[in-house]
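What follows is one structure encoded as structure tokens, with my remarks underneath.
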Amino acid sequence: MNKTFILGNIAKDIELRMTKDNKAIAKFSVAVSRQFSKDKTDFFNCTAFGKTAEFVHNYFGKGRKIAIIGRMESDKYEDKLYWNLIVDEVDFADSKKSANDGYSKVEEDEGELPF
């Protein structure tokens, strides 16, 4: 069984492209700190397809924490072995906290709370 679970931060902006059949493909990299060696980080190249690709592109960005379940696949190119995580499921692993991410912020000079 080939099942991989990672929890990390998106390391660079997500690249979204469409196939000739108008199917979405998202490629991105996830940085995962090692459990017993916090000063070492592993980077996983990830690929998502279809609705999952669109979801990742629309709701995640560089630095955002993400949880992924998928499967590892390898490809050989010019005598080098490359690994890629094919994304089956994704979920948020943090909460949005900044003022620019869709949540409104109550200013101190306002006299009333919004609720």
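What's counted below: heavy atoms across the whole structure, side chains too, no hydrogens, waters or symmetry copies. Along the sequence shown, residues are numbered consecutively beginning with 1.
Here Ile68 contributes atom CD1 and Ile10 contributes atom CD1; the two are 7.0 Å apart, rounded to the nearest 0.5 Å. Between Met72 atom CE and Phe44 atom CZ the span is 6.0 Å, to the nearest 0.5 Å. With rounding to the nearest 0.5 Å, the separation of NE2 in His57 from CD1 in Ile14 is 7.0 Å.
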For residues 21-36, which side-chain N or O atoms pair as donor and acceptor with protein atoms under 3.5 Å away, sequence neighbours left out?
unit_1, atom_1, unit_2, atom_2, d
Arg34, NE, Asp42, OD1, 3.3
Arg34, NE, Asp42, OD2, 3.0
Arg34, NH2, Asp42, OD1, 2.9

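Closest approach of Ala93 to Ala67, counting heavy atoms only: CB-N, 4.0 Å. Between Asn9 and Lys65, the closest heavy-atom pair is OD1-NZ, 3.5 Å.
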- Message: Apply side-chain contact (heavy atoms from CB on, under 4.5 Å) to residues Val90 and Phe60 and explain how you reach the verdict.
- Response: CA-CA 10 Å; Val90 338; Phe60 290 89; 3.8 Å; yes
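With sequence neighbours excluded, the residues that form a side-chain contact (heavy atoms from CB on, under 4.5 Å) with Glu89 are Ile69. Checked against side-chain hydrogen bond (donor to acceptor under 3.5 Å, both in side chains), Ser37 has the following partners two or more places apart in sequence or in another chain: Asp39. Scored by the side-chain contact (heavy atoms from CB on, under 4.5 Å) test, Tyr77 finds Tyr82 as partners (sequence neighbours excluded). Arg71 is linked by a salt bridge (charged side-chain N to carboxylate O under 4.0 Å, His left out) to Glu73, Asp88, counting only residues two or more places apart in sequence or in another chain. Applying the side-chain hydrogen bond (donor to acceptor under 3.5 Å, both in side chains) test to Asp13 and every residue at least two apart in sequence or in another chain returns nothing.
Screening residues 75-86 for salt bridge (charged side-chain N to carboxylate O under 4.0 Å, His left out), with sequence neighbours left out, gives no hits.
Taking hydrophobic clusters as Ile, Leu, Val, Met, Phe, Trp and Tyr residues chained together by side-chain heavy-atom distances below 4.5 Å, Phe55 shares a cluster with Ile66. Linking ILVMFWY residues whenever their side-chain heavy atoms come closer than 4.5 Å, directly or via other members, places Val56 and Phe92 in the same cluster.
Partner of Leu85 under the side chain to side chain contact (heavy atoms under 4.5 Å, CB included) criterion, chosen from Thr47, Asn45, Ile6: Ile6.
Residue Lys62 places its NZ atom among 12 or fewer non-hydrogen atoms of other residues, nucleotides or ligands, all under 6.0 Å distant.
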